[in-house]
Undergrad: 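If you scroll down you'll find the structure; I have some questions about it.
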Amino acid sequence: MTVASGGEVAGVDIRYRGDRGHVVSGSVSDGGKSLSSYAWRNITLTNTVNGAVQSDAYFIHRGESGAKFAIYGVADGEYEITARWVLDANEEVFASTSRRVVVKGADVGGVELKLSPMGSIAGKFALEAMPGVCESKRKWSIEEALLALRYEAKPREATQARSQTIVNGLSEKGEFTAYNLTANHYFLEPRLPNENWYVKAITAPASTSTPGRAARSSLQADIARNGITLKTGEKVAGVTVTIADGASGMSGKVVPATEGARPPARLRIHLVPAEAGNANDVLRYAEAFSRNDGAFSLSNIAPGKYWLIARAAPDEEMSDNSPAPIAWDANERAKLRHEAMAAKNEIELQPCGRMKDYVLRFDR
């Protein structure tokens, strides 16, 4: 329904279905540990088909290492159920892995949810100490940047949006901490407020993401390319996102190579580094989707030589507003580079340059 400012809406009738529904019940445990004298637990039941939350119930317990739960009035369907436990003053969060529940004409009992501590990733954005290369109408602050953490979604997760978490609480010094993370493999996506900046590197001490390897101060892990594998309850620190001034950008339009032909409804535009030394530098790859009229734009690009190529977006990407960058996958990155090299659409982006009205011909 639509409610205008100061207006009223009448005639909103709610019909009670009258179905009895079913009960989903079970227990929540913390593995035998005593977490807190006071804490609240949250049990969430989510429909796996449409992503709708069927129930979001809260239970408060005192001095118990485990607890029973029951969710009433559940209709037939497939669900995922998870539990969260927040300690006093939100000091720490424990969560369970999701369990699949199928309700079909009967109650479902004996669902066991085991809580585990959640992890975190901390670090900082570092702007290279150098005079401003590009002219700017205003002074930008590093704390205006955002950081998206994208994790590997499970096959049953309904939407790509569920596989991202946004960190928008950078300090004045550019420091950040992403809390309440489950065990998974994460990639970092910095989002910069200034079009004159670009991400030069994302690193961390090698021992952070390479278990069993001796820590050396001179050794750095390439987080941009490899990501971070976070274990249950692990707290990773020392991640550095290096930002440089002098970014380039470009805009243009995709047109069919054959007159009268119609390109696919959605195209994915890729910038691929032409220099051999940057072949595996994930941060030198960039991509964007074209609009309905074929127009596209790319910003916050490191200066250099590139190949430009357009690809038809697969069907699964048509409904996804933010698919994972292709360059994150080593095999797909190699295929993309081979394809771009063969297309021979080479361009050179200058520091602080803005290439406009580029015409990219699509002939597939």
Side-chain angles (χ1 to χ4, degrees), residues 118-129 142-153 160 163-171 173-194 197-245 247 271-273 275 277-287 300-302 304 322-334 336-337:
M118 303 191 78
S120 64
I121 297 175
K124 64 179 180 178
F125 279 54
L127 185 61
E128 284 191 336
I142 199 70
E143 63 183 307
E144 296 178 77
L146 299 176
L147 177 64
L149 274 70
R150 194 192 296 262
Y151 61 84
E152 295 179 353
Q160 185 71 17
S163 65
Q164 296 184 77
T165 181
I166 306 295
V167 180
N168 58 5
L170 271 65
S171 70
K173 297 180 180 180
E175 298 168 336
F176 67 86
T177 301
Y179 294 101
N180 304 333
L181 302 178
T182 58
N184 213 316
H185 190 74
Y186 291 85
F187 280 93
L188 277 61
E189 289 184 283
R191 299 179 182 179
L192 306 178
N194 184 356
W197 292 349
Y198 66 93
V199 181
K200 186 176 182 180
I202 306 177
T203 58
S207 57
T208 297
S209 57
T210 312
R213 189 173 186 175
R216 300 178 185 175
S217 58
S218 61
L219 216 56
Q220 294 289 316
D222 186 353
I223 301 302
R225 183 176 62 189
N226 302 321
I228 296 176
T229 299
L230 195 67
K231 299 178 182 178
T232 300
E234 185 178 10
K235 301 184 186 304
V236 170
V239 176
T240 300
V241 180
T242 303
I243 308 299
D245 199 4
L271 270 180
V272 180
E275 297 96 338
N278 293 324
N280 288 316
D281 186 349
V282 172
L283 296 173
R284 287 296 183 118
Y285 290 76
E287 59 185 55
N300 302 104
I301 310 299
S322 182
I326 286 178
W328 285 354
D329 185 289
N331 293 329
E332 293 301 320
R333 184 170 65 242
L336 176 64
R337 184 173 173 78

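Worth saying up front: this structure is predicted, and the values here are computed from it rather than measured.
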Undergrad: Is there a donor-acceptor pair under 3.5 Å between the side chain of E287 and the backbone N or O of I326?
TA: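 Side chain of E287 to backbone of I326, a donor-acceptor pair under 3.5 Å: yes, one is there.
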Undergrad: Please give me the minimum heavy-atom distance between E143 and L170, naming the atom from each residue.
TA: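 Where E143 meets L170 most closely, the heavy atoms are CB-O, 3.8 Å.
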Undergrad: Quick one: does K200's side chain get under 4.5 Å of L283's, heavy atoms only?
TA: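 No - every pair of side-chain heavy atoms lies 4.5 Å or more apart.
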Undergrad: Can you confirm whether L271 sits close enough to Y285 that some side-chain heavy atom of one is under 4.5 Å from a side-chain heavy atom of the other?
TA: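 SC-SC contact between L271 and Y285 ruled out.
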Undergrad: Please report the shortest heavy-atom distance between L188 and L147, naming the atom on each side.
TA: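 Taking L188 first and L147 second, the nearest heavy atoms are CB-CD1, 4.0 Å.
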Undergrad: How long is the gap from CD1 on I243 to CG on L192, to the nearest 0.5 Å?
TA: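 Between atom CD1 of I243 and atom CG of L192 there are 4.5 Å.
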Undergrad: Just verifying a value: how many Å separate R150 CZ and H185 NE2, rounded to the nearest 0.5 Å?
TA: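 The distance works out to 13.0 Å.
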Undergrad: Grab the two heavy atoms, one from Y198 and one from N300, that are nearest each other, plus how far apart they are.
TA: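 Closest heavy-atom pair between Y198 and N300: CB-O, 3.5 Å.
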Undergrad: Checking side-chain contact (heavy atoms from CB on, under 4.5 Å) for the pair D222/T203: CA distance, chi angles, key distance, verdict?
TA: CA-CA 5 Å; D222 186 353; T203 58; 5.6 Å; no
Undergrad: If you take all heavy atoms of R284 and A302, which pair is closest and at what distance?
TA: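 Shortest heavy-atom contact: NE-CB, 3.6 Å.
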Undergrad: I want to check something: taking the side chain as every heavy atom from C-beta on, are D245 and E128 in contact at a cut-off of under 4.5 Å?
TA: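 D245 does not reach E128 side chain to side chain.
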Undergrad: For F125, enumerate each residue passing the ring pair (Phe, Tyr, Trp, His ring centres under 6.0 Å) test, keeping only those at least two apart in sequence or located in another chain.
TA: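 Ring pair (Phe, Tyr, Trp, His ring centres under 6.0 Å) check on F125 returns F176.
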Undergrad: Quick one, D281 and P273 - any side-chain contact, counting heavy atoms below 4.5 Å?
TA: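 Not in contact.
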Undergrad: Please report the shortest heavy-atom distance between A327 and V282, naming the atom on each side.
TA: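 Taking A327 first and V282 second, the nearest heavy atoms are O-CG2, 3.8 Å.
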Undergrad: Please, which pairs that meet salt bridge (charged side-chain N to carboxylate O under 4.0 Å, His left out) have at least one residue in residues 322-332, sequence neighbours excluded?
TA: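 Found E332-K335.
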Undergrad: Nearest 0.5 Å, what's the CD-CH2 distance between E144 and W197?
TA: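 One gets 7.0 Å once the value is rounded to the nearest 0.5 Å.
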Undergrad: Going by the rule side-chain hydrogen bond (donor to acceptor under 3.5 Å, both in side chains), which residues pair with R337 if we only count those two or more places apart in sequence or in a different chain?
TA: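 Once residues adjacent in sequence are excluded, R337 has no partner under the side-chain hydrogen bond (donor to acceptor under 3.5 Å, both in side chains) criterion.
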Undergrad: With a 4.5 Å heavy-atom cut-off, do V239 and I228 have their side chains touching?
TA: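 Of all side-chain heavy-atom pairs linking I228 with V239, at least one is under 4.5 Å.
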Undergrad: Are I121 and T177 side-chain neighbours, meaning at least one heavy-atom pair lies under 4.5 Å?
TA: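 SC-SC contact between I121 and T177 ruled out.
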Undergrad: Might you point out which heavy atoms bring G238 and P205 nearest each other, and give the distance in Å?
TA: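 Heavy atoms only, the tightest pair is O-CD, 3.4 Å.
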Undergrad: OH/Y151 to CG/L230 distance, rounded to the nearest 0.5 angstrom?
TA: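 Rounded to the nearest 0.5 Å, the OH-CG separation comes to 13.0 Å.
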Undergrad: Calculate, to the nearest 0.5 Å, the distance between atoms CG and OG1 belonging to N184 and T232 respectively.
TA: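 Interatomic distance, N184 CG to T232 OG1, rounded to 0.5 Å: 10.0 Å.
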Undergrad: Just wondering, do K173 and K124 contact through their side chains at under 4.5 Å, heavy atoms?
TA: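 Side-chain contact under 4.5 Å: no.
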